[in-house]
Amino acid sequence: MEQPTAHVRAVIFDLDGVLVDSEHLWDRMRRDVVAENGGEWAEGATEAMMGMSTPEWARYLVEQLGVQLTPERTAEAVIDRMAQFYADQPPVLPHAVEAVRIIAGDFPIAIASSAPPRIIRAFLDVTGLGDTVRCTVSSEEVGAGKPAPDVYLRAAHGLGLPAQECAAVEDSGSGLRAAAAAETTVIAVPNPHFPPGEQDRQQAHRVLDDIAELPGALRDLAATG
C-alpha cells in the first residue's frame with residue numbers, strides 16, 4: 001500500500017540485508033556460538049533477534065538459549081566470526097555500492113544499522129564508501145534496537161535533518177517498523193532469506209525488487225513529493 005510522502009532531502013540505509021547479504025550469516029554465526037557453548041537453538045529465535053542491538057541479542061543468546069558465556073563474551077565471539085568473514089569474503093550485495101554512489105550525488109547518505117560499529121567500519125573499508133557516507137549509527141549507540149525508531153532518529157539528527165525529510169531503505173519487518181515509527185519515507189527492498197510479512201511491507205512507500213532500482217525510485221519520489 002503506497003503511503004503519502006514528504007519531501008526527501010537525505011537517504012538513510014540499513015546495512016544487513018540492504019547493502020550486504022549478511023542476515024543469514026549473522027544467523028549462522030549465532031547458531032554456531034550457541035551450539036559450541038552449551039546452548040540450544042529454539043524455534044523462532046532467528047525472527048526474535050531480527051533488528052536487536054548487540055547487547056540485546058547477546059543477552060537473548062545467554063538468557064533464552066542457554067549460552068554458557070557472559071553476554072559480553074557471547075557478543076565478542078559472534079562479532080569476531082563476522083569480522084573474519086568480512087575480511088575474507090565480504091558479502092556486499094550486487095549493485096549496492098554503485099547505487100549508494102549514484103544516490104550520494106543527489107542526497108547526503110547515512111547508515112542506521114543493528115550491526116556493531118566494528119562491522120559498519122569493515123563494510124566502509126571494504127567498499128571504499130567511508131568518504132561517501134556522512135553519518136553512521138549502530139543501535140549499540142542508542143537506547144534500543146529496531147523496531148524502535150531510535151537508530152533512525154539519531155542518523156537523521158547526524159545529518160542535520162528531521163527524520164520526516166529522510167528516506168529509509170530497509171529489508172526486514174523490524175527495520176520497516178523502525179523506519180515507519182521514525183516517520184521517514186520508507187522504501188523496502190525485501191530480504192529473500194527473511195522476507196517481511198505483508199503487514200510490514202505495507203509500511204513502505206515503495207517496494208523494490210532490487211537495490212539497483214533505488215536511484216530511479218528516489219527520482220520518482222522527488223518528482224511527486
Salt-bridge contact [X]-[Y] (side-chain N to carboxylate O under 4.0 Å):
X	Y	result
Asp27	Arg31	yes
Asp106	Arg9	no
Glu36	Arg81	yes

Of all the heavy-atom pairs spanning [X] and [Y], show the shortest one and how long it is.
X	Y	answer
Gly173	Pro196	N-CB, 3.6 Å
Arg177	Asp200	NH1-OD2, 2.8 Å
Leu153	Ala163	CD2-CB, 3.9 Å
Ala148	Ala178	O-CB, 3.4 Å
Val8	Cys166	CG1-C, 4.5 Å
Ala144	Asp150	N-OD2, 3.7 Å

Full working for salt bridge (Lys or Arg N to Asp or Glu O under 4.0 Å) between Arg201 and Glu198:
CA-CA 5 Å; Arg201 288 167 65 101; Glu198 184 58 33; 3.8 Å; yes

[X] [atom1] to [Y] [atom2] distance, which is reported to the nearest 0.5 Å:
X	Y	atom1	atom2	answer
Ile187	His205	CD1	NE2	9.0 Å
Tyr152	Lys146	OH	NZ	4.0 Å
Leu69	Thr74	CG	OG1	4.5 Å
Glu165	Glu183	CD	CD	12.0 Å
Trp41	Asp32	CH2	CG	9.5 Å
Phe123	Leu15	CZ	CG	5.5 Å

Do [X] and [Y] belong together in a cluster built from hydrophobic side chains that touch within less than 4.5 Å?
X	Y	result
Val78	Val20	yes
Phe13	Phe107	yes
Leu93	Val189	no
Leu208	Val169	yes
Val142	Ile120	no

Polar contact flag, side-chain donor to acceptor under 3.5 angstrom, [X]-[Y]:
X	Y	value
Asp88	Gln84	yes
Asn191	Ser172	no
Glu56	Ser53	yes

Taking side chain as C-beta onward, heavy atoms only, is [X] less than 4.5 Å from [Y]?
X	Y	value
Pro190	Val207	yes
Leu129	Arg101	yes
Glu23	Met50	yes

Walk me through it: do Leu65 and Glu40 pass the test side-chain contact (heavy atoms from CB on, under 4.5 Å)?
CA-CA 5 Å; Leu65 303 186; Glu40 183 175 350; over 6 Å; no

Working note: Met82 + Tyr86, criterion side-chain contact (heavy atoms from CB on, under 4.5 Å); need CA distance, chi angles, decisive distance, verdict.
CA-CA 6 Å; Met82 284 296 293; Tyr86 270 69; 3.8 Å; yes

For His157, all residues meeting side chain to side chain donor-acceptor pair (under 3.5 Å), sequence neighbours excluded:
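Not a single residue meets the side chain to side chain donor-acceptor pair (under 3.5 Å) criterion with His157.
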
Begin from the C-alpha positions of Met49 and Leu61 and carry the test side-chain contact (heavy atoms from CB on, under 4.5 Å) through to its verdict.
CA-CA 9 Å; Met49 286 185 281; Leu61 294 182; 3.8 Å; yes

Treating Ser139 as the side-chain partner and Gly145 as the backbone partner, does any N or O pair qualify as donor plus acceptor under 3.5 Å?
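Judged by distance alone, no pair lies under 3.5 Å.
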
For Ala167, is there any backbone N or O sitting under 3.5 Å from a side-chain donor or acceptor partner on Thr184?
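Between the backbone of Ala167 and the side chain of Thr184 there is no qualifying donor-acceptor contact (under 3.5 Å).
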
Partners of His95 by ring pair (Phe, Tyr, Trp, His ring centres under 6.0 Å), sequence neighbours excluded?
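With neighbours one apart ignored, the set is empty.
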
Going by the side chain to side chain donor-acceptor pair (under 3.5 Å) test, name the single residue among Asp171, Thr46, Asp21 that passes it with His193.
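Of the listed options, the one satisfying the test is Asp21.
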
For Glu76, enumerate each residue passing the salt bridge (Lys or Arg N to Asp or Glu O under 4.0 Å) test, keeping only those at least two apart in sequence or located in another chain.
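Glu76: salt bridge (Lys or Arg N to Asp or Glu O under 4.0 Å) contacts with Arg73.
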
Which of these passes side chain to side chain contact (heavy atoms under 4.5 Å, CB included) with Ile12: Leu159, Ile109, Ile111, Val137?
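Passing option: Leu159.
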
Go through it in stages, so that I can follow the logic: the residues are Val34 and Asn37, the test is side-chain contact (heavy atoms from CB on, under 4.5 Å), and I'd like the CA-CA distance, side-chain angles, deciding distance and then a yes or no.
CA-CA 5 Å; Val34 169; Asn37 292 279; over 6 Å; no

